[in-house]
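None of these values were measured; they are calculated from a predicted model.
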Amino acid sequence: MSAPAPSPLAIVDAEPLPRQDEVLTDAALAFVAELHRRFTPRRDELLARRTERRAEIARTSTLDFLPETQAIRVDDTWKVAPAPAALEDRRVEITGPTDRKMTINALNSGARVWLADFEDASAPTWENVVTGQLNLIDAYTRNIDFTDPRSGKAYALKPAEELATVVTRPRGWHLDERHLQLDGTPVPGALVDFGLYFFHNAQRLIDLGKGPYFYLPKTESHLEARLWNDVFVFAQDYVGIPQGTVRATVLIETITAAYEMEEILYELRDHASGLNAGRWDYLFSIVKNFRDGGSKFVLPDRNLVTMTAPFMRAYTELLVRTCHKRGAHAIGGMAAFIPSRRDAEVNKVAFEKVKADKDREANDGFDGSWVAHPDLVPIAMASFDAVLGDKPNQKDRLRDDVSVAAGDLIAVDTLDAKPSYDGLRNAVAVGIRYIEAWLRGMGAVAIFNLMEDAATAEISRSQIWQWINADVVFENGEHATAELARTVAAEELATVRAEIGEEAFAAGKWQQAHDLLLQVSLDEDYADFLTLPAYEHLR
């Protein structure tokens with residue numbers, strides 16, 4: 001094979017990084033450029049379709065299963081491809097960004113799978129995008145170690161047979177990568193993350209007895225899943241590996257995708273390995289899509305919307321039934337608690353909640369679940385071990401007892417809970433703290449003993465926006481207004497300043513984070529994604 005021609009992709013406004021040439025090779029960039037040429041026009045059409053669909057929801061305040069795809073749903077003969085050996089047992093998955101320390105800790109964690117995250121747990125600085133790819137290459141070639149500069153503690157990989165299987169999550173379709181452009185047009189971040197990872201590691205992973213496995217975020221329709229499937233087909237041919245080597249797990253974290261679970265699996269059936277049920281992004285999507293729907297769609301404080309709420313239970317039970325009917329894994333939601341090194345009582349209470357949550361998922365038929373911290377791996381493992389025993393999964397549990405009507409998925413008004421003043425204050429406090437860290441390049445942030453990612457900030461700012469626009473009255477008699485939000489935000493900023501001191505405050509991005517939170521919470525025009533305006537500030 002002759003050497004590839006230099007890529008027409010331009011690297012724009014980016015300081016050179018150590019070892020970047022190992023990732024940004026001519027051959028890898030030529031592959032990304034070809035992905036961009038072939039698939040970005042369809043990506044653009046699908047983003048426009050999202051806008052049209054949102055307008056239709058605004059007009060009707062309802063959603064239903066698609067009549068035009070009914071034949072797929074009633075056809076009981078099709079199944080997704082059998083899971084490869086490395087993805088047969090997924091009982092505990094740990095999530096986190098691809099920095100060097102996290103890469104080692106996640107692979108060593110004892111979890112069956114590591115979701116290596118270029119999306120919500122990673123702020124997409126150019127350094128994070130490129131060095132994250134480098135860290136994964138180094139992990140697969142066992143050229144990775146890390147010494148903490150503060151503690152002096154050294155980190156190294158355990159033997160290969162003890163390491164988690166990696167499932168990589170690229171960015172969603174809506175995000176562009178401004179540092180890689182073709183004729184002045186940025187390449188979608190999804191194609192950059194997928195393309196660089198796949199090109200460098202697909203054959204390497206096959207040689208290790210695994211494969212290029214992906215989590216697909218923010219999917220809103222089966223047509224978006226079809227686009228990913230076409231990307232996979234082209235990519236496998238391009239590098240010369242067998243069709244069906246790629247496996248994808250789709251996050252059902254938008255309300256529209258919840259009505260198309262079977263169709264999404266069908267589109268990806270040669271490459272599908274499962275669906276995942278999240279919480280914050282899913283609630284964010286409900287607020288975003290039904291923000292004109294009046295009081296019956298107003299959510300209470302986010303922490304009061306548990307997975308046992310009737311409309312959330314409808315969603316998770318439908319997901320398990322759908323996955324098992326089609327031979328796919330059903331993966332449960334996140335346990336985000338970060339154990340305290342100082343407060344054993346806080347840990348005891350939190351661990352009991354984590355156990356109850358994972359027990360529920362295992363007993364409902366899920367095949368695995370997520371945790372955010374290595375200390376939670378044994379707790380989640382015990383919940384699934386108790387149900388699975390020696391079986392790798394429980395896909396044979398078909399949940400034929402589950403029947404979910406279209407209206408059940410959006411029956412938000414079945415909740416008794418109401419928005420509270422403390423809920424507003426928490427949304428503001430968490431939103432400012434998360435955005436500030438994100439603007440400094442950190443996507444996974446410990447806030448109030450919970451590991452938060454971009455989905456947290458999305459639901460926080462969406463709730464502020466929704467409560468103000470619905471003129472919610474809190475239990476103390478105060479109305480949710482823009483003025484109240486500004487007052488609370490100013491108080492929270494002052495609290496941070498007092499907590500961390502003047503010098504650390506000045507060195508951070510606190511005022512910028514405060515202003516950005518208020519912008520996306522108070523603007524009449526609701527921003528589709530907080531990360532779009534935030535990306536303009538990310539350097």
request  = Return each pair, listed once, that meets ring pair (Phe, Tyr, Trp, His ring centres under 6.0 Å) where at least one residue sits in residues 245-266; pairs must be two or more places apart or across chains.
outcome  = F65-Y259, W78-Y266
task = Give every residue pair that meets the salt bridge (Lys or Arg N to Asp or Glu O under 4.0 Å) criterion with at least one member in residues 515-525, sequence neighbours excluded.
result = none
task = Name all residues meeting the side chain to side chain donor-acceptor pair (under 3.5 Å) criterion together with Q236; count only those two or more places apart in sequence or in a different chain, and write none if there are none.
result = Q243, H271
inquiry  = Suppose we screen for salt bridge (charged side-chain N to carboxylate O under 4.0 Å, His left out). Which residues come up paired with D364, at least two apart in sequence or across chains?
reply    = R313, R360
task = Not counting sequence neighbours, list each pair that qualifies as a salt bridge (Lys or Arg N to Asp or Glu O under 4.0 Å) and has a residue in residues 461-482.
result = E458-R461
Atom pairs and distances, donor-acceptor, side-chain atoms in residues 527-539, under 3.5 Å, two or more places apart:
residue, atom, partner, partner atom, Å
Y535, OH, E177, OE2, 3.3
Y535, OH, R178, N, 3.1
H537, ND1, Q512, NE2, 3.3

Could you go through residues 245-253 and list every donor-acceptor pair under 3.5 Å that involves a side-chain atom there, pairing it with any protein atom two or more places apart or in another chain?
residue, atom, partner, partner atom, Å
T245, OG1, P242, O, 2.5
R247, NH1, G244, O, 2.3
R247, NH2, P82, O, 2.7
T249, OG1, R90, NH1, 3.0
T249, OG1, R90, NH2, 3.2
T249, OG1, S273, OG, 3.0
E253, OE2, K218, N, 2.7

query = What residues, two or more places apart in sequence or in another chain, satisfy ring-ring contact (aromatic ring centres under 6.0 Å, His included) together with F214?
reply = F194, Y197
note = Residues at least two apart in sequence or cross-chain that pass salt bridge (charged side-chain N to carboxylate O under 4.0 Å, His left out) with R49, listed by chain then number, are none
key: Partners passing side chain to side chain donor-acceptor pair (under 3.5 Å) against D230 (at least two apart in sequence or in another chain)   = R42
request  = Check side chain to side chain donor-acceptor pair (under 3.5 Å) between D292 and all other residues, then give those that pass, not counting sequence neighbours.
outcome  = R54
request  = Using ring-ring contact (aromatic ring centres under 6.0 Å, His included) as the criterion, list what pairs up with F337, not counting sequence neighbours.
outcome  = F351
